[in-house]
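Take a look at the structure below.
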Amino acid sequence: MIDAQLLRAAPEVVEASQRARGADEGLVARAAEADAERREAIADFERLRAEQNAFGKRVAVASKEEKPALLAQVKQLAADVRQASERSAVVEARAEELLRAIPNIVLADVPAGGEDDYVVLREVGERPAFDFEPRDHLELGELLGAIDMARGAKVSGARFSYLRGVGARLEIGLMQLALTRALDAGLVPLITPTLVKPEIMAGTGFLGEHADAVYRVESEDLYLTGTSEVALAGYHADEILDLADGPLRYAGWSTCYRLEAGSAGKDTRGIIRTHQFDKLEMFSYVDPAQAEAEHARMLAMQEAMMTDLGLAYRVIDTAAGDLGSSAARKYDVEAWVPTQGRYRELTSTSNCTTYQARRLAIRHRAEGGRTAPVATLNGTLATTRWIVAILETHQQEDGSVVVPEVLRPHLGGLDVLEPIR
RNA sequence: GGAGACGUCGCAUAGUCCGGUCGAGUGCACCACCCUGCUAAGGUGGAGAACCCGUUCAGGGUUCCGUGGGUUCAAAUCCCACCGUCUCCGCCA
């Protein structure tokens, strides 16, 4: 949620942000109006309530004989208080609803426009060249006995898979590599719940435009999370953090569940886009002044993983219209996928500035001892989809795959994955 | 799943039976100042969160005693529902 203060003081900033996103500009004026109405209603109620409280003190010390007369007098006041209280509750709920509907203010130099208006910041690494016809990740996965889509579909339906043998080991090795690096960088590992309450899901902004991608467990009124970001953001909800010693940094390891309702027909082959996968996610709570530096730090960690895994990649600065509602800026790292002849997103890192924190009531002590919302940032450090780029990039003519050196210690020293027959 | 106990301001507790002078006492921790050669001890004062009005660095007000309802002129206190914690019993891939 954005700062209501900003809505009053500089609505043009909010409107500019909406414009860059291609979102509804009129929402700004409607929210500002509702906010004014809300404040008026609150003032009204509080004046009446103060009067009633003062009266209550008189009743308390009145003698038995005086009481009936006083009580008769205050009846009308009590009714007025009740009415004003109900009105202010209604108006307040409406104002908050509109305020929450406004997505985060995008940072000033984020490219405007939609999905295709990203800016490529850099391309790194050499795209692999083959003197044979490269196989795609699923073909390789089947040769290696690593990926089984057919049985995934038999047991759970489309977009479910089994990772078996070296596939399962690759996944775990990848997570372990990422975890090791997270620990080296001082992050605290967390294995997070994957079922969360509605208010946590809403607080992180995933019930907005992403609502159709979310699994809901109706019998319990809980949501399955599509990323551990949700539980990581909720971890410190309603708390006042001590950031005097620097940011609070976490690495969340969890299975992720996504409905992929909007992607019918897209990426149906293999494990590029499945309903269930694993991810190691970085998450930081920082002083808002340090948010951009933290964002750069996360991106650097992601790029180091790409480089060390021998993947060719590029970094894009996502356009405003393609940002989630919580993000003020997002960088994606995309790896080259040889058989697709294009870059595919492997990681994403978002600076949510104070947006999530305000929704989830996560504050710290700012100057003068005042509380102020923190900034939150998140970024992928490893995920199942990486297996696609690793298999395809490091494949050999016979269908074997060379294991990147950094992964070998996490695969019991295995250096080449061999076809099973 | 069943039975019982509990949920108060950072922590620990008082207050709840018998509604008002309780937004709330005490201890510890915390901050400032005083005292002491230093430390410890001691003294005085301060200190929660959210929001509204006002100020620009004065203040005033409202709300918050697990959450949400209800009763009442008035609820930490009475009633209802829910959530959570603990104990015992049952069940368990």
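As a basis for the values below, the full set of heavy atoms in this structure was taken, side chains included, without hydrogen atoms, waters or symmetry mates. Reminder, nothing fancy here: chain letters follow the sequence lines and each chain counts from 1. All values reported here derive from a predicted model rather than from experimental measurement.
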message: Both distances below 3.5 Å, Watson-Crick or wobble geometry, any strand: find the nucleotide opposite B:rG59.
response: B:rC53

message: One thing to verify: whether A:Arg21 and A:Asp322 come together as a salt bridge, which I'm taking to mean a side-chain N less than 4.0 angstrom from a carboxylate O.
response: no

query: Do A:Tyr313 and A:Glu334 get their side chains close enough for a donor-acceptor pair, meaning under 3.5 Å?
result: no

field: Partner nucleotide, any strand, of B:rA12 [Watson-Crick/G-U, under 3.5 Å]
entry: B:rU26

- request: Please tell me if the side chains of A:Glu33 and A:Arg38 come closer than 4.5 Å, counting only heavy atoms from C-beta onward.
  value: no

task: Please examine the side chains of A:Val214 and A:Leu224, heavy atoms only from C-beta on, and report whether any two atoms are closer than 4.5 Å.
output: no

query: Expressed as a whole number of Å, how far does the C1' atom of B:rU26 sit from that of B:rC78?
result: 27 Å

query: Which one is paired to B:rU77, where only Watson-Crick or G-U wobble pairs with both distances under 3.5 angstrom count?
result: none

- prompt: Is B:rC17 paired to anything, Watson-Crick or G-U wobble with both distances less than 3.5 Å, and if yes, which nucleotide?
  reply: none

- prompt: Using atom P of each nucleotide, how far apart are B:rG66 and B:rG61 to the nearest Å?
  reply: 25 Å

query: If you measure from the C1' atom in B:rA93 to the same atom in B:rG15, how many Å do you get, rounded?
result: 50 Å

message: For a side-chain hydrogen bond (donor to acceptor under 3.5 Å, both in side chains) check, start with the C-alpha distance between A:Gln340 and A:Arg344, then their side-chain angles and the critical distance, and finish with the verdict.
response: CA-CA 9 Å; A:Gln340 294 195 3; A:Arg344 299 299 312 258; 2.9 Å; yes

Write out a two-atom table: protein N or O, nucleotide N or O from nucleotides 49-56 of chain B, distance below 3.5 Å.
{"from": "B:rA49", "atom 1": "OP1", "to": "A:Arg365", "atom 2": "NH1", "distance (Å)": "2.8"}
{"from": "B:rA49", "atom 1": "OP1", "to": "A:Arg365", "atom 2": "NH2", "distance (Å)": "3.4"}
{"from": "B:rA49", "atom 1": "O3'", "to": "A:Arg363", "atom 2": "NH2", "distance (Å)": "3.3"}
{"from": "B:rA49", "atom 1": "O2'", "to": "A:Arg363", "atom 2": "NH2", "distance (Å)": "3.4"}
{"from": "B:rA50", "atom 1": "OP1", "to": "A:Thr371", "atom 2": "OG1", "distance (Å)": "2.3"}
{"from": "B:rC51", "atom 1": "O3'", "to": "A:Arg38", "atom 2": "NH2", "distance (Å)": "2.9"}
{"from": "B:rC52", "atom 1": "OP1", "to": "A:Arg8", "atom 2": "NH2", "distance (Å)": "3.4"}
{"from": "B:rC52", "atom 1": "OP1", "to": "A:Arg38", "atom 2": "NH2", "distance (Å)": "3.1"}
{"from": "B:rC53", "atom 1": "OP1", "to": "A:Arg39", "atom 2": "NE", "distance (Å)": "3.1"}

- line: Under a 4.0 Å heavy-atom criterion, the protein footprint on nucleotides 74-83 of chain B, written with B, S and -, is SS--------

- request: Quote, to the nearest angstrom, the P distance that separates B:rC65 from B:rU8.
  value: 12 Å

query: Which class fits the ring pair A:Tyr250 and A:Tyr235: parallel under 30°, tilted 30 to 60°, perpendicular over 60°?
result: perpendicular

- request: State plainly whether the residues A:Arg249 and A:Glu294 are in salt-bridge range, i.e. N to O under 4.0 Å.
  value: yes

- prompt: What distance, rounded to whole Å, do you find between the two P atoms, one in B:rA24 and one in B:rC31?
  reply: 24 Å

message: If you apply the rule salt bridge (Lys or Arg N to Asp or Glu O under 4.0 Å), what do you find for A:Glu260 with A:Arg258, and how did you get there?
response: CA-CA 6 Å; A:Glu260 299 295 353; A:Arg258 296 187 183 176; 5.1 Å; no

message: In whole Å, I'd like the distance from the CD atom of A:Glu199 to the P atom of B:rG84.
response: 12 Å

query: How far, in whole Å, is B:rA47 from B:rG84 if one measures between their P atoms?
result: 37 Å

- prompt: Say you pick atom C1' in B:rU63 and the same atom in B:rA76; how far apart are they, in whole Å?
  reply: 14 Å

query: Which one is paired to B:rG42, where only Watson-Crick or G-U wobble pairs with both distances under 3.5 angstrom count?
result: B:rC34

task: Considering only atom C1', compute the distance from B:rG25 to B:rU16 and round it to an integer number of Å.
output: 15 Å

- prompt: Any side-chain heavy-atom pair from A:Ile387 and A:Ile271 closer than 4.5 angstrom?
  reply: yes

- line: Under a 3.5 Å limit on both distances, the Watson-Crick or wobble mate of B:rC64 is B:rG48

task: Report the distance from atom CD of A:Glu239 to atom P of B:rC11, rounded to the nearest whole Å.
output: 11 Å

- request: Report yes if the side chains of A:Thr225 and A:Thr192 come closer than 4.5 Å at any heavy-atom pair, otherwise no.
  value: no

Nearest-angstrom distance from the residue atom CG of A:Asn53 to C1' of B:rU21: 14 Å

Watson-Crick or G-U wobble partner of B:rG7, both distances under 3.5 Å: B:rC83

